[in-house]
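None of the values given here were measured: they were computed from a predicted structure. Below, chains carry the letters A, B, ... as their sequence lines are ordered, and counting in each starts from 1.
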Amino acid sequence: VVVGSTIVDMYSKCGDLKLAREAFDKMPDHDIVSWGAMISGYVEHGDYHSALELFAKLLHENVRPNKVVFACVLKACASIGSIGQARWIHNYIMRSDTELDKMVGSTLVDMYARCGFLNEASKVFALMSERDVVSWNAIIGGYIQHGNGSNALMLYFNMQRGHLKPDRVTFLGVLKACGILGASWQGKVIHDHILRHGSDPDVSVGSALVDMYAKCGNLQEAHTVFNKLPDQNVVSWGALISGYAQLGYHNMVGQCLENMTQQGLSPNAIIYINILASCSHAGHVKDSRKYFKSMVISHSVTLSPEHFNCMIDVLGRAGCLYEAVKFLRSMPMQAD
RNA sequence: CGGAAGUUAAUUGUGC
């Protein structure tokens with residue numbers, strides 16, 4: 001059974017769920033770990049329905065799920081917004097005398113938040129028997145997903161008072177909260193916390209800092225932080241470019257694109273959305289045509305409705321209605 | 001303590 005579970009886990013970590021399921025079905029006996037390995041494999045690869053189906057089968061065979069299995073299926077429910085099944089599972093957990101430990105509790109918090117029930121998320125958070133940094137991150141993240149930056153920041157400062165050490169995920173969250181609020185003062189405080197935290201510099205946290213400063217309107221600081229990043233990737237460039245685009249610095253957007261390309265990084269779909277949006281704000285019809293063309297010939301970007309929206313917008317404003325309609329008709333997807 | 005587990009950075013446009 002142990003070997004079987006290991007094989008199931010190995011196949012699913014390699015991304016071959018079919019082989020994993022075959023191995024699972026061939027096992028003479030299943031213990032709870034093998035069920036867990038298979039269910040978590042489905043969840044990890046986004047096959048939430050299969051995960052829930054297998055969970056139903058587990059219940060049908062009168063196997064007692066454990067905390068790991070609960071966490072996996074709750075995550076599946078959260079991902080497809082299946083609040084009904086999630087509530088049923090929550091209920092089952094309560095009936096089965098499973099304690100709301102940090103793992104099951106955090107998953108419930110995250111699930112309720114994703115399904116839009118923040119009251120219940122914070123209720124579960126308050127009831128949990130233990131809370132670790134992931135639990136705090138889950139509730140903070142929940143408020144952020146719903147645009148409530150101030151509650152997220154309040155929770156962060158409560159967490160500090162509880163002497164619980166934040167981690168990089170916490171920082172990613174609260175920096176986003178500052179960006180939402182335009183709270184540059186709190187942002188600087190958190191920047192300071194990050195520097196004192198004593199962890200290795202991290203590109204993700206660095207990009208979140210760039211984004212935070214940009215969203216607070218402080219492009220100078222954003223660029224300074226950007227220059228100090230250990231390495232610059234497409235996302236960190238994206239944060240910077242989006243900042244320049246939103247604040248109307250059209251030529252800086254072009255400049256960034258050039259520098260980025262010189263670094264050997266090719267712009268992705270999101271970068272192009274920002275660039276085209278910048279053309280649209282600046283009313284640069286020619287630039288927008290130029291960039292759209294280079295995007296198409298690069299063949300490395302999947303065109304999305306956003307790209308077309310930007311083009312149609314900039315052309316429409318410039319009075320090039322005929323060309324705008326041409327773009328509208330040439331959309332490879334359904335126009336809304 | 002030979003096997004499974006929770007939170008994770010950049011995202012367009014119209015009108016009030």
Side-chain angles (χ1 to χ4, degrees), chain A residues 1-10 12-13 20 24 30-44 65-75 78 101-111 113-114 128 131-142 144-145 166-173 175-176 179 202-212 214-215 222 226 229 232-243 245-246 267-281 304-317 336:
Chain A
V1 183
V2 174
V3 174
S5 308
T6 312
I7 292 175
V8 169
D9 185 49
M10 184 268 290
S12 67
K13 289 222 163 72
F24 178 83
H30 296 140
D31 67 357
I32 192 60
V33 175
S34 50
W35 286 97
M38 192 63 236
I39 292 176
S40 98
Y42 280 132
V43 174
E44 204 60 37
N66 64 4
K67 292 170 181 173
V68 174
V69 171
F70 285 135
C72 291
V73 289
L74 283 169
K75 185 174 174 177
D101 69 350
K102 52 193 176 190
M103 189 175 136
V104 174
S106 309
T107 316
L108 278 168
V109 168
D110 180 60
M111 180 278 294
R114 277 184 208 280
M128 289 168 61
R131 281 173 280 276
D132 64 0
V133 63
V134 176
S135 332
W136 284 89
N137 292 346
I139 187 72
I140 290 175
I144 293 166
Q145 282 162 38
D167 65 4
R168 52 186 294 283
V169 178
T170 320
F171 290 134
L172 296 177
L175 288 172
K176 187 180 244 317
D202 177 275
V203 213
S204 311
V205 174
S207 307
L209 274 168
V210 172
D211 182 55
M212 181 276 291
K215 290 214 162 62
F226 176 84
L229 289 181
Q232 294 152 353
N233 62 20
V234 180
V235 176
S236 37
W237 277 109
L240 189 64
I241 291 175
S242 137
Q246 310 255 328
N268 63 12
I270 294 179
I271 299 279
Y272 273 113
I273 291 172
N274 281 300
I275 293 170
L276 294 174
S278 172
C279 297
S280 155
H281 293 143
S304 72
E306 284 89 342
H307 298 116
F308 287 91
N309 283 345
C310 292
M311 288 308 291
I312 293 162
D313 180 70
V314 69
L315 291 168
R317 279 176 203 278
D336 64 4

Nearest-Å distance, CH2 (A:Trp35) to P (B:A4)?
19 Å

How many Å lie between CD on A:Gln145 and C1' on B:U8, as a whole number?
11 Å

Between A:Asn309 (CG) and B:U14 (P), how many Å, whole number?
10 Å

Can you tell me the distance, in whole Å, between the CD1 atom of A:Ile271 and the C1' atom of B:U12?
14 Å

Residue A:Leu172, side-chain heavy atoms: nucleotide from B:U8, B:U11, B:A4 that is nearest:
B:U8

Considering only heavy atoms and no angle criterion, is a donor-acceptor pair shorter than 3.5 Å present between the side chain of A:Asp132 and the base of B:G6?
yes

Please round to the nearest 0.5 Å and tell me the distance separating atom CG of A:Leu315 and atom SG of A:Cys310.
11.0 Å

Report yes if a side-chain nitrogen or oxygen of A:Gln246 is closer than 4.0 Å to either non-bridging phosphate oxygen (OP1 or OP2) of B:A10; otherwise report no.
no

Decide yes or no for A:Thr107 and A:Asp110: does some side-chain heavy atom of the first lie under 4.5 Å from some side-chain heavy atom of the second?
no

Which value, rounded to the nearest 0.5 Å, describes the distance between A:Ser106 atom OG and A:Leu74 atom CG?
11.5 Å

Mind checking A:Ser106 for me? I need base, sugar-phosphate or nothing, with any heavy atom below 4.0 Å counting as a touch.
base

Side chain of A:Ala37, heavy atoms from C-beta onward: which of B:G13, B:A4, B:U11 has the nearest atom to it?
B:A4

Side-chain atoms of A:Ala71 come closest, of B:G6, B:U14, B:U12, to B:G6

Grab the OH-C1' distance between A:Tyr272 and B:G13 for me, whole Å please.
20 Å

Closest to side chain of A:Ser207, choosing from B:A9, B:A10, B:A4:
B:A9

Quick check on B:U11: is either OP1 or OP2 less than 4.0 Å from any side-chain nitrogen or oxygen of A:Ser242?
yes

Does A:Trp237 offer a backbone N or O that forms a donor-acceptor pair with the side chain of A:Gln232 under 3.5 Å?
no

Reckon A:Arg114 has a side-chain N or O less than 4.0 Å from the OP1 or OP2 of B:G6?
no

Rounded to the nearest angstrom, tell me the gap between atom CZ in A:Phe308 and atom C1' in B:U11.
17 Å

From A:Ser207 OG over to A:Asn233 CG, what is the distance, rounded to the nearest 0.5 angstrom?
5.0 Å

Atom-to-atom span, CZ of A:Arg168 to C1' of B:U8 - whole angstrom
6 Å

Rounding to an integer number of Å, can you tell me how far A:Asp313 CG sits from B:U14 C1'?
8 Å

A:Ser204 has a side chain; which of B:A10, B:U7, B:A9 sits nearest to it?
B:A9

Whether the side chain of A:Asn268 and the base of B:A10 hold a donor-acceptor pair under 3.5 Å is what I'd like checked.
yes

For a quick check of understanding: with a heavy-atom distance under 4.0 Å over all strands, which category does A:Ser135 fall into, base, sugar-phosphate or nothing?
base

Should A:Lys67 be listed as having a side-chain N or O under 4.0 Å from OP1 or OP2 of B:A4?
no

Between A:His281 and B:G13, is there a contact of a side-chain N or O with OP1 or OP2 at under 4.0 Å?
yes

Give one of base, sugar-phosphate or nothing for A:Asp202, where a contact means two heavy atoms less than 4.0 Å apart.
nothing

A:Asn274 side chain to A:Ala277 backbone, donor-acceptor under 3.5 Å:
no

Determine the contact category for A:Asp167: base if any of its heavy atoms lies under 4.0 Å from a base atom, sugar-phosphate if only primed atoms, P, OP1 or OP2 are that close, otherwise nothing.
nothing

What nucleotide, of B:U12, B:A4, B:G6, holds the atom closest to the side chain of A:Ala277?
B:U12

From B:A4, B:U7, B:U8, nucleotide with atom closest to A:Lys75 side chain
B:U7

If you only use heavy atoms from C-beta on, which nucleotide in B:A10, B:A9, B:A4 is closest to the side chain of A:Ser40?
B:A4

How would you label the contact of A:Val43 with the nucleic acid (heavy atoms, under 4.0 Å): base, sugar-phosphate, or nothing?
nothing

Reckon A:Asn137 touches a base, only the sugar-phosphate, or nothing at all at heavy-atom distances under 4.0 Å?
base

Do A:His281 and A:Ser278 get their side chains close enough for a donor-acceptor pair, meaning under 3.5 Å?
no

Side chains of A:Val314 and A:Leu276, heavy atoms from C-beta outward: is any pair under 4.5 Å?
no

Hey, is the side chain of A:Arg317 poking within less than 4.0 Å of OP1 or OP2 on B:G13, counting only N and O atoms?
no

Would you mind classifying the nucleic acid contact of A:Asp101 as base, sugar-phosphate or nothing, using non-hydrogen atoms under 4.0 angstrom?
nothing

According to a strict under-4.0 Å criterion, is A:Lys176 in side-chain N/O contact with OP1 or OP2 of B:A10?
yes

What nucleic acid atoms does A:Ser34 come within less than 4.0 Å of, heavy atoms only: base, sugar-phosphate, or nothing?
base

Once hydrogens and angles are ignored, does a donor-acceptor distance under 3.5 Å link the base of B:A10 to the side chain of A:Asn233?
no

